[in-house]
Amino acid sequence: MEQSERLHMPLFSIRIVKELTDLTPRQIRYYESHGFVKPARTEGNQRLFSFADVDRLLDIKQLIDRGVNMAGIKEMMMEQEQKYKKEQEEREELKRLREQMKREALHHPNQKKASMIQGQLSHFYKS
DNA sequence: ATTCTAACA
DNA sequence: TGTTAGCA
């Protein structure tokens, strides 16, 4: 099994998370209501938190302790979210580029590729 | 016994 | 945020 799977595996009851984070169950549920974590649920609707959830709650607690309010935390979360989306988009763009170059190489083995490559790269500089 | 939601303080 | 009520 992979790391990212372990990090998101639903494992901990709210009481364990309370002990791990020193947050009250009230605070944990409150932060969830603001979208800072999204724990899985059992069939009985009880929360099951992952390591990733616990890490995130610890980050939230640190920010709260440093005086950041809910609005501030939400702003920081949206920034991180957009940053991640941007990186993801760039990865997909590079993936498309590699696939297209591969196709070109297979379908036109003897043709020079410089101009096509320049056209593709221009996407990274426009706007 | 433990957690859940909702609501009031 | 804390606490309580009433449920699952």
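In what follows, chains are A, B, ... by sequence order, proteins preceding strands, each numbered from 1. All values below come from the heavy atoms of this structure, side chains included, with hydrogens, waters and symmetry mates left out.
- Contact record, A/Lys38 with A/Phe36: NZ-O, 4.3 Å, taken as the closest heavy-atom pair.
- For A/Lys83 and A/Glu90, the salt-bridge test fails: no basic side-chain N is under 4.0 Å from an acidic carboxylate O.
- Near DNA chain B, defined here as any heavy-atom distance below 4.0 Å, the residues from residues 32-47 of chain A are A/Arg41, A/Asn45, A/Gln46, A/Arg47, listed numerically.
- Spacing between atom CZ of A/Arg29 and atom C1' of B/dA6 amounts to 12 Å, rounded to whole angstrom units.
- Along DNA chain C, the stretch of nucleotides lying under 4.0 Å from any heavy atom of chain A spans, 5' to 3', C/dT1 to C/dT3.
- If you find the closest nucleotide of DNA chain B to A/Arg26 and to A/Ser13, the one lying nearer the 5' end belongs to A/Ser13.
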Stepwise salt bridge (charged side-chain N to carboxylate O under 4.0 Å, His left out) test for A/Arg41 and A/Glu32: CA-CA 13 Å; A/Arg41 298 288 181 130; A/Glu32 181 197 11; 3.4 Å; yes
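- Annotation for A/Leu23 and A/Lys18: closest pair O-CG, 3.0 Å, computed over non-hydrogen atoms.
- Of the inter-residue distances, the one linking A/Thr21 atom OG1 with A/Lys61 atom NZ reads 7.0 Å to the nearest 0.5 angstrom.
- A donor-acceptor pair under 3.5 Å is absent between the side-chain atoms of A/Ser50 and the main chain of A/Pro10, judged by distance alone.
- Separation of atoms CD1 (A/Ile28) and CD1 (A/Ile60) is listed at 12.5 Å; rounding is to 0.5 Å.
- Proximity of residues 54-66 of chain A to DNA chain B (heavy atom under 4.0 angstrom from any strand atom) is not detected for any residue.
- Checking side-chain atoms of A/Glu99 against main-chain N and O of A/Arg96 turns up no donor-acceptor pair under 3.5 Å.
- With both pairing distances under 3.5 Å, C/dA8 is matched to B/dT2 as a Watson-Crick or G-U wobble pair.
- Taken from CG in A/Leu58 to CG in A/Leu20, the straight-line distance is 7.5 Å, to the nearest 0.5 Å.
- Here the closest non-hydrogen pair linking A/Asp53 and A/Phe49 is OD2-CA, 3.5 Å.
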